[in-house]
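Chain identifiers are assigned alphabetically (A, B, ...) following the order of the sequence lines, protein sequences preceding nucleic acid strands; residue numbering begins at 1 within each chain.
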2 protein chains.
Amino acid sequence: MALAKQINPLPNVSCQRCAIKPLCLPVSLAESEIEYLDGIIHRNRPLRKDNHLFRAGDPLTSLYAIRSGSIKSYTISMDGEEQVTGFHLAGEVIGLDAVHNGNHPSFAIALETTTVCEIPFEQLEELSSFIPGLRKQLLRVMSREIYDDQSLMLLLNKRNAESRIAAFLVSLSSRCSRRGFSPTEFKLPMTRADAGNYLGLTIETVSRILSRFNKQGMIQIQGKYLKILDLESLQMLAGGSCDFCAI
Amino acid sequence: MALAKQINPLPNVSCQRCAIKPLCLPVSLAESEIEYLDGIIHRNRPLRKDNHLFRAGDPLTSLYAIRSGSIKSYTISMDGEEQVTGFHLAGEVIGLDAVHNGNHPSFAIALETTTVCEIPFEQLEELSSFIPGLRKQLLRVMSREIYDDQSLMLLLNKRNAESRIAAFLVSLSSRCSRRGFSPTEFKLPMTRADAGNYLGLTIETVSRILSRFNKQGMIQIQGKYLKILDLESLQMLAGGSCDFCAI
DNA sequence: AACCACCTTTGACTTAAATCAAAGTTGCTC
DNA sequence: GAGCAACTTTGATTTAAGTCAAAGGTGGTT
């Protein structure tokens, strides 16, 4: 089906020719600077579904930029329950929350076959000392994550189940769009349970509300395949324009 | 009363002799490096209660390190409602969420008379290019904020009202402690409404649960003055040891 | 292609926290 | 220090989402 046409960069394409360069660390770097960055990056073989990229407690050795596919971040709480902390798509850099004490606080697992660029953190840090654009982009990426987390916090704090799910769909839509995919037709890479866990809702609530949106004609959903028929209404429900598109 | 003995550094004390140096940017910098940092910092006169440090939409010119007092961050949602995004104490650096696009996404207002160090961002960024320890600490501070936000997200997502309030008190306690104050006896700088807003609870729920903790003998609360009598029970309620102390 | 494990949907009932309402406090201003 | 506005507490009622339960789908494996 058309939806399966995911970004599939050649396994060892350089940053220079990478499809998601404009979303990733090389943004605004000169060609020569990108070569330095290229030089420290490892491009390993794809990670298969349900395999871990890293685990909570692992020492931070590298950050990871997702080239294609999707990653779920989660922690395990005191009582052994899984707590989904994020879903990450191509162009997103993960592992940043490990910088403060040198250990990953969360697990990262592939939701589908996923390729990542491994960026050794120490080397990246050194490189950033003489590439101002890289230093700035690293700060920007981290700042953006702080901003996004705070937006999500507000969503969880103030919005009802309907709003949260609408915002979630709108967020996925706009992220697909930025990556050159259709904003109205895509596959949800996560289960209802994962989505619910992330949004602070039960699986039953997620299912009920998706069914409702479906009946109301705002979306067409069948299993993991989603078609958004009325993006504007979803945006309205989500709490207006793009305040929460950031999750 | 004893609780009023807040940190009151001399208005123009240098980083070198600042009481909260170990919590702030200068941590692990050499004396000569701290002098550079000192050179770019502005130490303005104290900010009085209810005055804004910056407003949402303001261009990012400086980050601010709190020297004494406390700051509330908040945004205004589409529907005009205030949304508290954080409370900040001495030693914390605010404004980091503005780096990604150069504009502050939130308001910052003083909850009491507060002194801050103004750190011009461009100059800080330049300084960090030749002070590796400063660059690392800046990354660490941002990473820590990402981590803290995610911890808070989990709290809001998975915990009931009792847990949230317990975690909130434990967090304040441990933050007071790190700053050299009593971990069991301090003043809540925010109103019940602000605390509730932040925790995704109504003012009535906050009040009820504080009353309950009081009756159960875990705390002694009178107005804004709090004495924690059984920190361990609070930590238990908060969801175990220090997972959520980070909020 | 049949089986099975896992995922999803739907319905009935329960519950934690919100809302509505009103009284009680606190502390600032004149 | 009296008056008042803002904050806080407490109680009664409502409601959104959770829980429990069971049926219906889906897709991967042999």
Query raised in the report: Do you know the tightest heavy-atom contact between A:Asn44 and A:Glu118?
Result: ND2-OE1, 2.8 Å

Query raised in the report: Any side-chain donor paired with an acceptor under 3.5 Å for B:Ser70 and B:His88?
Result: no

Query - For atom CZ of A:Arg159 and atom P of D:dA17, their distance in whole Å - result: 12 Å

Query raised in the report: Taking only residues two or more places apart in sequence or in another chain, which ones pass side-chain contact (heavy atoms from CB on, under 4.5 Å) with B:Ala56?
Result: B:Phe107

Requested in this report: Scan B:Gly196 against the nucleic acid and name what it touches under 4.0 Å (heavy atoms): base, sugar-phosphate only, or nothing.
Outcome: nothing

**Report entry** Length of the line joining A:Asn160:CG and C:dT19:P, which is rounded to integer Å
**Finding:** 11 Å

Query raised in the report: Rounded to whole angstroms, how far apart are CG on A:Asn157 and C1' on D:dA16?
Result: 16 Å

Query raised in the report: Using the benzene-type ring in the case of Trp, are the ring centres of A:Phe181 and A:Phe186 under 6.0 Å apart?
Result: no

**Report entry** Separation of atom CZ in B:Arg164 from atom C1' in C:dA18, rounded to whole Å
**Finding:** 12 Å

Query raised in the report: Is it the case that B:Thr202 and B:Thr205 place a side-chain donor and acceptor less than 3.5 Å from each other?
Result: yes

**Report entry** Short side-chain to backbone donor-acceptor contact, A:Asn214 and A:Ile221, under 3.5 Å
**Finding:** yes

**Report entry** Atom pair OH/CG of B:Tyr64 and B:Leu96 - distance to nearest 0.5 Å
**Finding:** 12.5 Å

Query raised in the report: Under a 4.0 Å heavy-atom cut-off, which of residues 201-212 of chain A touch DNA chain D?
Result: A:Leu201, A:Thr202, A:Glu204, A:Thr205, A:Arg208

Query raised in the report: In whole Å, what is the span from the CE atom of A:Met190 to the C1' atom of C:dC6?
Result: 18 Å

Report task. Take the protein atom NZ of A:Lys187 and the nucleotide atom C1' of D:dG27, then report the distance between them rounded to whole Å. Result -> 11 Å

Using nucleotides 26-29 of chain C, report all nitrogen or oxygen pairs with the protein that are shorter than 3.5 Å.
none

Query raised in the report: Under 6.0 Å from the six-membered ring centre of A:Phe213 and within 45° of its axis: does the NZ or CZ of A:Lys215 meet both?
Result: no

Report summary line: Atom CG of A:Asn197 and atom C1' of C:dT8 are separated, to the nearest Å, by 16 Å

Report summary line: note: A:Phe213, atom CZ; C:dT9, atom C1'; distance rounded to Å ~ 16 Å

Requested in this report: Find out whether the Lys NZ or Arg CZ of B:Lys227 is both under 6.0 angstrom from the six-membered ring centre of B:Tyr225 and within 45° of the ring's axis.
Outcome: no

